[in-house]
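These notes concern the structure reproduced below.
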Amino acid sequence: MNTKIFVRNVSKDFYDEKRRTSFRAVDNVNLEIGEEEFICLLGPSGCGKSTLLFMIAGLVKLSSGEILIDGKIVNGPGPDRGVLFQQLGLFPWRTAAGNIKFGLEVMKLDKREMEERVLKYLRMVGLTKFGNSYPHELSGGMQQRVAIARLLAHEPEVLLMDEPFGALDAQTRIVMGGELVKIWQETKKTIVFVTHSVEEAIYLGSKVVVMTSSPGRIKSIIKIDLKRPRDYVDGEFNTIRGKMLAMVEEEVSKAYLKDIGEESEISEK
């Protein structure tokens, strides 16, 4: 498998205005992501998962190291990458089709190609009958499908997703996970997906990258060889789940103890 994304010795520092000091969010991360892989970034809150994702997207500058996509250094956003944020950002005054079409209008595609793409991706996410519906007329899961269709319509090679299903109820989240896997299998995109959920990471990922508590480093990379479609109650699924939960819980405990220690230092001062 050819390497699509190469993260080499990447670190990111931020400046804390309140404390007037710098802190490291991501520390010396090295990661290779192959073409057509579905990678899940997993770890406790504040471990730098989203920061790493946004650095791959070109939305956050690196403090050190480099990121390459197809051998080219990432210096900013590019049409080869599409980002899906936690907040969907659908325009309430536009229909589902209109939301998908917006980015294509910015790209100045001709009308026929725009219509063909909109129909293609509405069909792919199962919303052909809802193209003329407005966001407030759609369920949370359907709104999520519109956002995914809008992302796909730009036809990027890499999809970067920052906890896109976090606001959905448990049942809808499972359904959307299954739909995303089908889309990935059909489009053969490279996907990097940030999640807090161990179960979601195992269900979706071809590999799961477990990150440490802040500063975020790679704790472990776990290849998921389970057959698809995957079963949440499968014995092997739960074996992997147990091992991964132990890793994440260890990092959550470290983060908690660190926060308690920092609060004590501040109160003593």
Side-chain angles (χ1 to χ4, degrees), residues 12 14 25-26 38-61 74 76-107 117-118 121-122 124-127 130-131 133-156 158-181 183-184 187 189-197 199-201 203-205 211 214 216:
K12 177 62 185 177
F14 288 103
V26 175
F38 196 136
I39 301 297
C40 288
L41 301 179
L42 175 71
S45 295
C47 74
K49 303 184 297 294
S50 295
T51 299
L52 178 56
L53 186 87
F54 295 150
M55 287 193 286
I56 295 171
L59 299 173
V60 172
K61 287 187 176 181
V74 172
D80 57 337
R81 285 151 284 151
V83 186
L84 186 60
F85 300 96
Q86 294 179 35
Q87 301 297 323
L88 301 181
L90 298 179
F91 299 125
W93 60 88
R94 280 185 171 243
T95 62
N99 269 282
I100 297 168
K101 190 182 293 185
F102 177 76
L104 305 181
E105 292 170 348
V106 174
M107 293 167 65
R117 285 204 197 183
V118 169
Y121 292 108
L122 278 173
M124 186 176 290
V125 298
L127 290 177
F130 296 91
S133 299
Y134 290 88
H136 73 273
E137 298 173 321
L138 303 173
S139 67
M142 293 168 81
Q143 290 179 30
Q144 195 67 252
R145 293 183 190 199
V146 174
I148 292 172
R150 180 181 59 186
L151 181 67
L152 291 169
H154 294 210
E155 299 189 342
V158 177
L159 306 182
L160 305 169
M161 300 185 168
D162 185 30
E163 294 192 80
F165 306 148
L168 301 177
D169 63 81
Q171 291 82 3
T172 305
R173 189 167 181 163
I174 291 171
V175 171
M176 286 305 304
E179 292 299 314
L180 181 58
V181 168
I183 290 168
W184 168 65
T187 62
K189 303 289 185 183
T190 301
I191 298 181
V192 184
F193 187 103
V194 169
T195 180
H196 278 96
S197 169
E199 292 83 1
E200 186 171 65
Y203 185 81
L204 296 176
M211 296 185 68
S214 181

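Small disclaimer: the values here were computed from a predicted structure and weren't measured. Position 1 is the first residue of the sequence; numbering continues from there.
- Here the side chain of Q144 pairs a donor or acceptor atom with the backbone of P164 at under 3.5 angstrom.
- Residues meeting the salt bridge (Lys or Arg N to Asp or Glu O under 4.0 Å) test with K101, sequence neighbours left out: E115.
- When the side chain to side chain contact (heavy atoms under 4.5 Å, CB included) test is applied to P44, the partners found at least two apart in sequence or on another chain are C47, S213, E251, V252.
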Without placing hydrogens or testing angles, list every side-chain donor-acceptor pair under 3.5 Å for residues 76-83, not counting sequence neighbours.
from	atom 1	to	atom 2	distance (Å)
R81	NH1	I56	O	3.2
R81	NH1	A57	O	2.9
R81	NH1	G76	O	3.0
R81	NH2	G76	O	3.2

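- Residues forming a side chain to side chain contact (heavy atoms under 4.5 Å, CB included) with S133 (at least two apart in sequence, or on another chain): F130, E137, L138.
- No donor-acceptor distance shorter than 3.5 angstrom exists from the side chain of K12 to the backbone of L52, with no hydrogens or angles considered.
- Taking E199 as the reference, R241 meet the salt bridge (Lys or Arg N to Asp or Glu O under 4.0 Å) condition, with sequence neighbours excluded.
- Under the side chain to side chain donor-acceptor pair (under 3.5 Å) criterion, E200 pairs with R173, T195, not counting sequence neighbours.
- The closest side-chain heavy-atom distance from P135 to V146 is not below 4.5 Å.
- Between M211 and L42, every side-chain heavy-atom pair lies at or beyond the 4.5 Å cut-off.
- Using a 30° and 60° split on the angle between ring planes, F38 and W184 fall in the perpendicular class, above 60°.
- Aromatic rings from F91 and Y134 are positioned such that their centres are separated by 6.0 Å or more.
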